[in-house]
Amino acid sequence: MKIVEKITAMQQRVHRARQSGQRIGFVPTMGYLHAGHMSLVAQARRRVGDNGLVVVSIYVNPTQFAPTEDLAKYPRNLERDRRLCRAAGVDVIFLPSDSDMYPGRAVGQYSTYVVEECLSQGMEGASRTTHFRGVATVVAKLFNCVLPDVAVFGAKDWQQAAVVRRMVADLNFPIELVVAPTLREADGLAMSSRNAYLSTAERSQATVLWRGLVEARALVRARPKGVPAGSLKKILAKRVAAEPDARLDYIECFDTSTLVPVGRVRPGSHLALAVYIGKTRLIDNAVL
Ligand code: PAF
């Protein structure tokens with residue numbers, strides 16, 4: 001396994017691989033890797049085959065964090081990430097620096113961003129207004145660095161995957177996008193690097209996201225004609241309010257591919273929610 005830090009070196013590595021007939025699979029991450037990331041790596045390997053080149057990027061992208069968010073304290077553990085990647089059969093870790101990714105940004109001389117104007121507006125985009133501009137920009141840049149045939153994203157960030165899919169289509173990136181299922185802890189909590197912030201008491205309250213999704217699914221499946229979105233949101237908001245350290249940011253019921261909110265929630269509708277557990281903001285979603 002190689003660690004590549006420079007963008008030009010990354011591009012050269014990929015050009016050589018492609019010349020020798022390899023396909024490139026890519027998993028973009030912000031590090032602090034866990035089993036969920038490793039399942040994305042397994043998907044990438046499956047798509048490009050044993051002979052393919054699997055690249056994982058580790059880059060905590062500053063432009064997707066608002067000044068009030070957790071950029072500085074975002075968890076990092078490069079040694080462990082390296083071990084996990086090696087064990088998972090990753091070929092290359094791409095580890096770019098801020099000055100390579102955003103040259104001149106510190107002195108106001110970086111000025112090109114990618115903005116998706118439709119799917120990025122609600123939910124995460126409403127709560128974190130500059131988030132998807134940062135995500136779309138860094139993912140476009142990472143695609144230009146790694147030049148993958150296949151890129152794998154996690155379903156936990158459902159809206160992110162939808163925004164990236166739209167960007168890939170709109171900007172003609174010749175990349176196949178794969179969205180891999182969310183991996184969960186035994187009690188249903190979606191795996192996330194941010195779970196590391198939770199205290200023991202918060203960790204048990206954090207299952208309220210998954211409990212809410214399971215309850216919503218049962219309610220909706222019992223009424224195939226649908227449940228008014230407002231009623232469902234009220235029930236779930238109560239469940240969240242019952243946890244002493246939980247605070248609801250949003251719940252949304254929407255069409256799974258267009259992300260357009262629905263008035264009646266039916267089997268097959270999608271539900272997403274964001275909840276603060278103490279200071280940690282967690283998200284989850286599921287098809288009902
Ligand atoms: O999902 C993430 O970890 C990040 O948003 C991504 C896609 C690596 C971009 O920084």
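Positions are given from 1 along the sequence. Whatever order the structure lists ligands and atoms in, that order sets their numbers, starting from 1.
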- Considering all heavy atoms, the nearest Pro28-Ser57 contact: CA-OG, 3.2 Å
- What atoms of ligand 1 come within less than 4.0 Å of a heavy atom belonging to Val138? 9 (C), 10 (O)
- Query: Any chain of hydrophobic side-chain contacts (each under 4.5 Å) joining Leu209 to Val214?
  - Reply: yes
- Give the minimum heavy-atom separation between Arg211 and Ser204, together with the two atoms involved. NH2-O, 4.1 Å
- Message: Within ligand 1, which atoms have a heavy atom of Thr29 less than 4.0 Å away?
- Response: 8 (C)
- Task: Quick one: look up the protein heavy atom nearest atom 3 (O) of ligand 1 and list residue, atom name and how far away it is.
- Result: Met30 CG, 3.6 Å
- Non-hydrogen side-chain atoms of Met101 and Thr63 separated by less than 4.5 Å: no
- Query: Any donor-acceptor pair under 3.5 Å linking the side chain of Tyr102 with the backbone of Gly104?
  - Reply: no
- Task: May I ask you to identify, for Leu142, whether its side chain, its backbone, both or neither come under 4.0 Å of ligand 1 on a heavy-atom basis?
- Result: neither
- Message: Is there a polar contact, in the sense of an N or O pair closer than 3.5 Å, between Gln64 and ligand 1?
- Response: yes
- Filtering His37, Lys141, Lys156, Gln160 for the heavy atom nearest atom 6 (C) of ligand 1 leaves Gln160
